[in-house]
Amino acid sequence: MSGTSLDGIDAALIELVPSGPGYAVELKRFVTVPFGKELYAQLRDALPPNVANVSTAASLHRRLGDALADAAEKVAEGRIDFVASHGQTIWHDGANASTVQIGDPYVVRDRIGATVCFDFRGADCAAGGHGAPLVPYVDALLFSHPLEDRVAINIGGIANVTVLARGSGSVSCAYDTGPGNILLDAFVRSRSNGQLTMDRDGVLAARGTVDRELLAAMSADAYFALPPPKSTGREYFAERFLAKHDARLRALADADGAATLAELTARTVADAIAATAFAAPRVIVSGGGSRNPDLMARLRRFAPHARVDTSDDHAVSSDAKEAIAFAILGYETLRGRPANVPAATGAREATVLGAIAPHRLSELMARMECECRST
């Protein structure tokens, strides 16, 4: 898969063993494969705020399929039972149940020689949902606890939250909180004339001073006041959002602008934690933002009542967590088990996600039936 940050393709080799209602998960290998320079430029030109035409989208669908297959080959070891491919979102309008991911699954199937599960979001949209977030289903399998209230947070380009009340084993609430790294990435890219793509380790933001007036203006955006279910993406929180506040941002030094944007992410994520009303939740953070010491420090400061960990502290790689999640969703597709969370997406009902590009499917299904029967 590739996320909103567009920082490359995440490929994980996972061993999944059905265990009760969930799975035992072992990460065998994980890589992030950067996009080639030309493909990266073409994706950037096609993604919002730009609008790709049909010809461009079709060409990128095929080219990205090749890149996804390349990444899968880098982690493959011996026979692969199946591939779960999320691809790259090129458009998302959750409120109107509209979302599009590209990355030709048949190219991946034929290169890897394995069944491919893909198009995970369409079924939820067909049921009236946003098609996002989908990871909460997996958060409940991986992080629910009988004695602790927990909040799972992924900070990628967009940040999302999953609320897991103690003992429930299910999702109480989940939604996209707003920007994760996407605004800070866009700001740094603009200020460096494209020479930098991120504020690595939060070094720039850590040197800056937050502009409180600008932070208040950004925090007043209508998205933050919307009740869940809600989802968002590059279409809303990227260059267009920055353009709304361009005059004040231009008046700031690089470090001060970065600090203000980092503060916005930390504050809106912390607001979501506070909204749970849990007295002392365990907060489990994954995604690129969990590797940013400055951002994590800001989050801990805004949520002093919470115990903030990373998913690495809970035996789930923070970098690979989203890829692991879609591997699990792919297994659920093959089993025919619903894997959306209507409380998170707003769908009318729980539904089976994903489409299947089959390769020796009957053999795969026979192996899976034996695995599931033995649990």
Side-chain angles (χ1 to χ4, degrees), residues 1-14 27-48 50 52 56-57 59-77 80 83-90 92 101-105 107-108 111-112 116 118 154-159 179-204 233-234 238-239 258 286-293 295 310-312 317-327:
M1 66 172 298
S2 174
T4 312
S5 293
L6 209 66
D7 51 3
I9 297 169
D10 289 344
L13 179 64
I14 309 296
L27 176 64
K28 297 290 191 179
R29 295 185 66 192
F30 174 75
V31 296
T32 297
V33 182
F35 290 112
K37 190 172 183 179
E38 183 180 353
L39 179 56
Y40 175 79
Q42 291 175 338
L43 286 168
R44 286 281 314 161
D45 289 344
L47 290 170
N50 303 318
T56 298
S59 175
L60 280 173
H61 181 59
R62 173 56 192 248
R63 290 203 62 195
L64 185 59
D66 283 322
L68 292 168
D70 289 342
E73 286 181 336
K74 290 183 184 299
V75 297
E77 293 177 347
I80 303 300
V83 177
S85 180
H86 172 271
Q88 174 68 54
T89 298
I90 60 168
H92 183 78
Q101 288 72 45
I102 60 171
D104 192 334
V107 173
V108 180
R111 287 268 298 279
I112 302 301
V116 178
F118 66 101
N154 190 78
I155 305 179
I158 299 298
N181 303 310
I182 193 168
L183 294 179
L184 185 55
D185 289 351
F187 177 78
V188 169
R189 187 167 52 247
S190 175
R191 287 295 179 100
S192 67
N193 294 316
Q195 296 303 303
L196 299 174
T197 59
M198 68 179 75
D199 179 17
R200 190 172 297 279
D201 297 328
V203 171
L204 182 63
R234 181 179 292 275
E239 285 82 1
S286 59
S290 70
R291 305 299 191 203
N292 183 324
L295 185 58
T310 68
S311 64
D312 298 275
S317 165
S318 180
D319 297 323
K321 189 268 190 113
E322 295 271 294
I324 291 170
F326 279 95

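All values below come from the heavy atoms of this structure, side chains included, with hydrogens, waters and symmetry mates left out. Keep in mind it's a predicted model, so treat the numbers as computed, not measured.
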**OP:** Given side-chain contact (heavy atoms from CB on, under 4.5 Å), test L6 with T197 step by step and report yes or no.
**Re:** CA-CA 10 Å; L6 209 66; T197 59; over 6 Å; no
Subject >> Evaluation steps, side-chain contact (heavy atoms from CB on, under 4.5 Å), between I80 and L13 >> reply: CA-CA 9 Å; I80 303 300; L13 179 64; 3.6 Å; yes
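In this view, S318 and S290 satisfy the side-chain hydrogen bond (donor to acceptor under 3.5 Å, both in side chains) rule, not counting sequence neighbours. Not counting sequence neighbours, S190 has no partner by the side chain to side chain contact (heavy atoms under 4.5 Å, CB included) test. Residues passing the side-chain hydrogen bond (donor to acceptor under 3.5 Å, both in side chains) test with S5: none are found, sequence neighbours excluded. Listed by chain and residue number, F82, F120 satisfy the side chain to side chain contact (heavy atoms under 4.5 Å, CB included) test with A84 (two or more places apart in sequence, or in another chain). Every side-chain hydrogen bond (donor to acceptor under 3.5 Å, both in side chains) that K28 has, sequence neighbours left out, goes to E15, E26. In this view, A320 and L27, F30, S317, I324 satisfy the side chain to side chain contact (heavy atoms under 4.5 Å, CB included) rule, not counting sequence neighbours. With sequence neighbours left out, H92 forms a side-chain hydrogen bond (donor to acceptor under 3.5 Å, both in side chains) with T99, S231. For D312, the salt bridge (Lys or Arg N to Asp or Glu O under 4.0 Å) partners two or more places apart in sequence, or in a different chain, are R291. Not counting sequence neighbours, D45 has no partner by the side chain to side chain contact (heavy atoms under 4.5 Å, CB included) test. In terms of the ring-ring contact (aromatic ring centres under 6.0 Å, His included) criterion, F187 has no residue partners (sequence neighbours excluded).
Nearest heavy-atom pair across A238 and I182 is CB-CD1, 4.0 Å. Shortest non-hydrogen contact noted between T56 and A46 is CG2-CB, 4.4 Å. In terms of heavy atoms, G8 sits closest to S2 at O-OG, 3.3 Å. When all heavy atoms of L39 and A67 are compared, the pair lying nearest together is CD2-CB, 3.8 Å. Taking both residues in full, the closest heavy atoms of R234 and P48 are given as CD-O, 3.1 Å, listed atom of the first, atom of the second, then distance. In terms of heavy atoms, S85 sits closest to V116 at CB-CG1, 4.1 Å.
With a 4.5 Å cut-off on side-chain heavy atoms, I9 and L68 count as touching. No side-chain heavy atom of F118 sits less than 4.5 Å from a side-chain heavy atom of V83. Proximity of V107 to L64: side-chain heavy atoms (C-beta onward) are nowhere separated by under 4.5 Å. Between E322 and D10, every side-chain heavy-atom pair lies at or beyond the 4.5 Å cut-off. Counting heavy atoms from C-beta on, the side chains of M198 and N292 never come closer than 4.5 Å. With a 4.5 Å cut-off on side-chain heavy atoms, D319 and T32 do not count as touching. For the pair L204/L184, no side-chain contact is recorded, criterion being any heavy-atom separation below 4.5 Å from C-beta on. Between I90 and L60, every side-chain heavy-atom pair lies at or beyond the 4.5 Å cut-off.
Screening residues 62-77 for side chain to side chain donor-acceptor pair (under 3.5 Å), with sequence neighbours left out, gives Q42-R63, D70-R111, E73-R111. Pairs of residues two or more places apart, or lying in two chains, that qualify as salt bridge (charged side-chain N to carboxylate O under 4.0 Å, His left out) and include a residue from residues 182-194 are R189-E239, R191-D254.
Here the NE2-CG distance, from H61 to D104, works out to 4.0 Å after rounding to the nearest 0.5 Å. Separation of atoms CZ (F35) and CD (Q88) is listed at 5.5 Å; rounding is to 0.5 Å. The distance from atom CG of N181 to atom CG of L295, rounded to the nearest 0.5 Å, is 6.5 Å. Interatomic distance, CZ of F326 versus NE2 of H86, reported as 4.5 Å (0.5 Å rounding).
Judged by distance alone, the side chain of T89 and the main-chain N or O of Q101 form no donor-acceptor pair under 3.5 Å.
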